[in-house]
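Notes follow the structure.
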Amino acid sequence: MSTIFHKIINREIPADIVYEDEHLLAFRDIAPQAPVHVLFVPKVDVATLNDLPRGQPELVGRLALAAADYARREGFAEDGYRIVVNCNGDGGQTVFQLHLHLLAGAPLGRFGTTL
Ligand code: AMP
């Protein structure tokens with residue numbers, strides 16, 4: 001499976017990369033929904049949260065820790081932030097490589113619902 005995020009991981013298209021390690025890449029969202037909007041993406045292929053291997057819960061844990069570390073480094077951990085993982089159609093997922101959104105930099109209000 002190759003998505004636009006795989007192309008970013010493979011440096012085939014550019015992105016504003018803010019963090020990388022052997023397991024994951026983090027870069028700024030191209031259409032930010034908050035003053036800070038960074039995406040944390042694992043380097044292994046996992047299309048959606050439904051596809052997270054049962055034996056690899058650390059895969060999501062690493063994304064969450066990387067996001068919390070980033071928040072601390074950038075100085076907004078205490079003010080707060082939001083982590084979002086969209087899954088499939090009703091969740092609003094548009095890129096089918098698992099990713100965690102980090103949103104911050106202003107009070108974010110309640111998150112959306114159609115109800
Ligand atoms: P989702 O809707 O949860 O699948 O989120 C996909 C996100 O990827 C959206 O917030 C898009 O704005 C973002 N996005 C799409 N293409 C790029 C890109 N080339 N670089 C950075 N972010 C992107």
Side-chain angles (χ1 to χ4, degrees):
M1 174 74 161
S2 185
T3 67
I4 196 151
F5 290 175
H6 292 91
K7 292 188 171 73
I8 289 172
I9 290 167
N10 295 329
R11 304 301 203 272
E12 291 164 22
I13 63 167
D16 188 354
I17 294 169
V18 299
Y19 176 75
E20 179 170 23
D21 64 26
E22 58 183 314
H23 300 294
L24 63 97
L25 190 69
F27 51 90
R28 291 186 200 285
D29 197 292
I30 205 166
Q33 303 298 307
V36 176
H37 188 171
V38 175
L39 303 171
F40 293 79
V41 186
K43 289 185 173 177
V44 294
D45 287 3
V46 181
T48 81
L49 194 59
N50 290 339
D51 304 300
L52 181 68
R54 294 231 158 242
Q56 291 178 260
E58 71 278 7
L59 208 143
V60 169
R62 282 196 196 101
L63 302 181
L65 281 176
D69 286 344
Y70 180 78
R72 265 188 293 273
R73 260 196 325 274
E74 294 296 310
F76 59 81
E78 294 307 317
D79 284 340
Y81 52 90
R82 179 171 295 157
I83 296 297
V84 174
V85 177
N86 296 323
C87 182
N88 281 339
D90 282 2
Q93 185 173 6
T94 59
V95 178
F96 287 85
Q97 165 69 357
L98 179 67
H99 53 282
L100 182 154
H101 295 254
L102 169 65
L103 300 150
L108 297 169
R110 304 305 302 169
F111 49 80
T113 172
T114 58
L115 301 177

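All ligand and atom numbering here is 1-based and tracks the order in the structure. Keep in mind the model is a prediction, meaning the values are calculated, not measured. Heavy atoms only: backbone and side chains are in, while hydrogens, waters and symmetry mates are out.
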Derivation and outcome, side-chain contact (heavy atoms from CB on, under 4.5 Å), residues E74 and L102: CA-CA 12 Å; E74 294 296 310; L102 169 65; over 6 Å; no

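- Classified by interplanar angle (parallel below 30°, tilted 30° to 60°, perpendicular above 60°), the ring pair H101/H37 is tilted.
- Taking D21 as the reference, Y19 meet the side chain to side chain donor-acceptor pair (under 3.5 Å) condition, with sequence neighbours excluded.
- Ring centers of H99 and F40: at least 6.0 Å apart, outside the cut-off.
- Legend: residues meeting side chain to side chain donor-acceptor pair (under 3.5 Å) with D16, ordered by chain and number and at least two apart, are R28.
- For D69, the side chain to side chain donor-acceptor pair (under 3.5 Å) partners two or more places apart in sequence, or in a different chain, are R72.
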Please tabulate, line by line, the atom pairs linking an N/O of ligand 1 to a protein N/O at a distance below 3.5 Å, with the distance in Å to 0.1, or answer 'none'.
unit_1	atom_1	unit_2	atom_2	d
ligand 1	2 (O)	G92	O	3.0
ligand 1	2 (O)	T94	N	3.3
ligand 1	2 (O)	T94	OG1	3.1
ligand 1	3 (O)	N86	ND2	2.8
ligand 1	3 (O)	H99	NE2	2.9
ligand 1	3 (O)	H101	NE2	2.8
ligand 1	4 (O)	T94	N	2.7
ligand 1	4 (O)	T94	OG1	3.2
ligand 1	4 (O)	V95	N	3.0
ligand 1	4 (O)	H99	NE2	3.1
ligand 1	5 (O)	H99	NE2	3.0
ligand 1	5 (O)	H101	NE2	3.3
ligand 1	10 (O)	D29	OD1	3.3
ligand 1	10 (O)	D29	OD2	2.5
ligand 1	12 (O)	D29	OD1	2.6
ligand 1	22 (N)	I30	N	3.1

